[in-house]
Amino acid sequence: VQLQASGGGMVQAGGSLRLSCAASGRTFSNYIMAWFRQAPGKEREFVAAISRSGGNTNYADFVKGRFTISRDNAKNTVYLQMNSLNAEDTAAYYCAIGSNWSRGPGQYDAWGQGTLVTVSS
């Protein structure tokens, strides 16, 4: 499987960005999709996950109410809409695909290349 993430960039605090991740090589709708992020000097951390149909979502506490994960199975794409960004959201954001409903990065077996989000205060 290949995952191609895009949409990162530089934004001012309070702004918004929408990340996309296009998948190929698997039947996309058969898999759980997630977003993780990794800031410099920190471990990769869970951001959000979405179920196969898109009917269930799970968010890290620090993004609840600000970020929204969604998917379009017809386009083999998962999205992360990020609003009210702050400097602590600065990180490389990675999409991931897996079979288990989990916040653990080890449960996901393929990753995108990462897209950098920089929030200036």
Side-chain angles (χ1 to χ4, degrees):
V1 64
Q2 288 190 331
L3 301 176
Q4 182 69 40
S6 61
M10 183 175 291
V11 63
Q12 289 188 333
S16 300
L17 282 175
R18 187 195 195 202
L19 307 183
S20 299
C21 175
S24 61
R26 287 189 188 178
T27 303
F28 182 72
S29 59
N30 286 351
Y31 294 92
I32 292 161
M33 298 297 298
W35 288 95
F36 289 76
R37 71 184 187 184
Q38 187 168 16
K42 295 187 177 181
E43 293 186 351
R44 191 167 297 190
E45 62 181 355
F46 172 81
V47 176
I50 189 166
S51 63
R52 295 169 180 82
S53 67
N56 290 309
T57 55
N58 188 14
Y59 294 95
D61 287 344
F62 56 78
V63 303
K64 282 183 179 178
R66 300 189 300 125
F67 292 9
T68 302
I69 188 171
S70 62
R71 67 190 295 163
D72 186 338
N73 286 343
K75 294 183 178 180
N76 290 354
T77 302
V78 62
Y79 305 96
L80 186 68
Q81 177 66 44
M82 304 186 295
N83 299 328
S84 301
L85 287 161
N86 57 60
E88 289 70 36
D89 295 317
T90 295
Y93 283 73
Y94 297 87
C95 56
I97 189 170
S99 299
N100 297 317
W101 187 245
S102 173
R103 294 187 173 197
Q107 295 297 313
Y108 294 86
D109 52 18
W111 295 79
Q113 83 285 8
T115 185
L116 184 62
V117 172
T118 303
V119 184
S120 60
S121 57

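- The heavy-atom pair separating S16 from Q81 by the smallest distance is CB-NE2, 3.9 Å.
- Between the side chain of R52 and the main chain of N30, a donor-acceptor pair closer than 3.5 Å is present.
- Residues V117 and M82 meet the side-chain proximity criterion, which asks for heavy atoms closer than 4.5 Å.
- Taken from CG in L17 to CE in M10, the straight-line distance is 11.0 Å, to the nearest 0.5 Å.
- Counting only residues at least two apart or on different chains, the disulfide bond (SG atoms under 2.5 Å apart) pairs with a member in residues 10-60 are C21-C95.
- Transitive grouping of hydrophobic side chains (ILVMFWY, heavy atoms separated by less than 4.5 Å) keeps F46 and V78 in distinct clusters.
- Note that CD1 of I97 is 6.5 Å distant from CZ of F28, once rounded to the nearest 0.5 Å.
- At least one side-chain heavy atom of Q12 sits under 4.5 Å from a side-chain heavy atom of S120.
- Using a 30° and 60° split on the angle between ring planes, Y94 and W111 fall in the perpendicular class, above 60°.
- Both I50 and F62 sit in one connected hydrophobic cluster of ILVMFWY residues. Membership requires side-chain heavy atoms under 4.5 Å apart, directly or through other members.
- Looking at Q113, its side chain does come within 3.5 Å of a backbone N or O of A5 through a donor-acceptor pair.
- Between R37 and E45 there is a side-chain heavy-atom pair separated by less than 4.5 Å.
- A donor-acceptor pair under 3.5 Å links the side-chain atoms of R66 to the main chain of S84, judged by distance alone.
- The CG atom of N76 sits 8.5 Å away from atom OG1 of T27, with the distance rounded to the nearest 0.5 Å.
- A side-chain donor-acceptor contact under 3.5 Å links R71 to the backbone of S51.
- Taking the side chain as every heavy atom from C-beta outward, Y108 and I32 approach each other to under 4.5 Å.
- Across all their heavy atoms, A23 and L3 have their closest contact at CB-CD2, 3.4 Å.
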Run the side-chain contact (heavy atoms from CB on, under 4.5 Å) check on D72 and S70 step by step: do they pass?
CA-CA 7 Å; D72 186 338; S70 62; over 6 Å; no
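- Placement of F36 and L80 in two distinct hydrophobic clusters is found when ILVMFWY residues are connected by side-chain heavy-atom separations under 4.5 Å, directly or transitively.
- Cluster annotation: L85 and W35 are assigned to the same hydrophobic cluster (Ile/Leu/Val/Met/Phe/Trp/Tyr, side-chain heavy-atom contacts under 4.5 Å, transitive).
- Taking the side chain as every heavy atom from C-beta outward, T115 and S6 never approach each other to under 4.5 Å.
- Residue S29 holds its OG atom at 5.0 Å from CG of N73, rounded to the nearest 0.5 Å.
- Residues Y31 and V1 have side chains not in contact (no heavy-atom distance under 4.5 Å, counting atoms from C-beta outward).
- Distance check: L19 CG to F67 CZ gives 8.0 Å after rounding to the nearest 0.5 Å.
- To the nearest 0.5 Å, the span separating OG1 on T77 from CE on M33 amounts to 9.0 Å.
- Grouping the Ile, Leu, Val, Met, Phe, Trp and Tyr side chains by contacts below 4.5 angstrom, directly or via other members, places I69 with V47.
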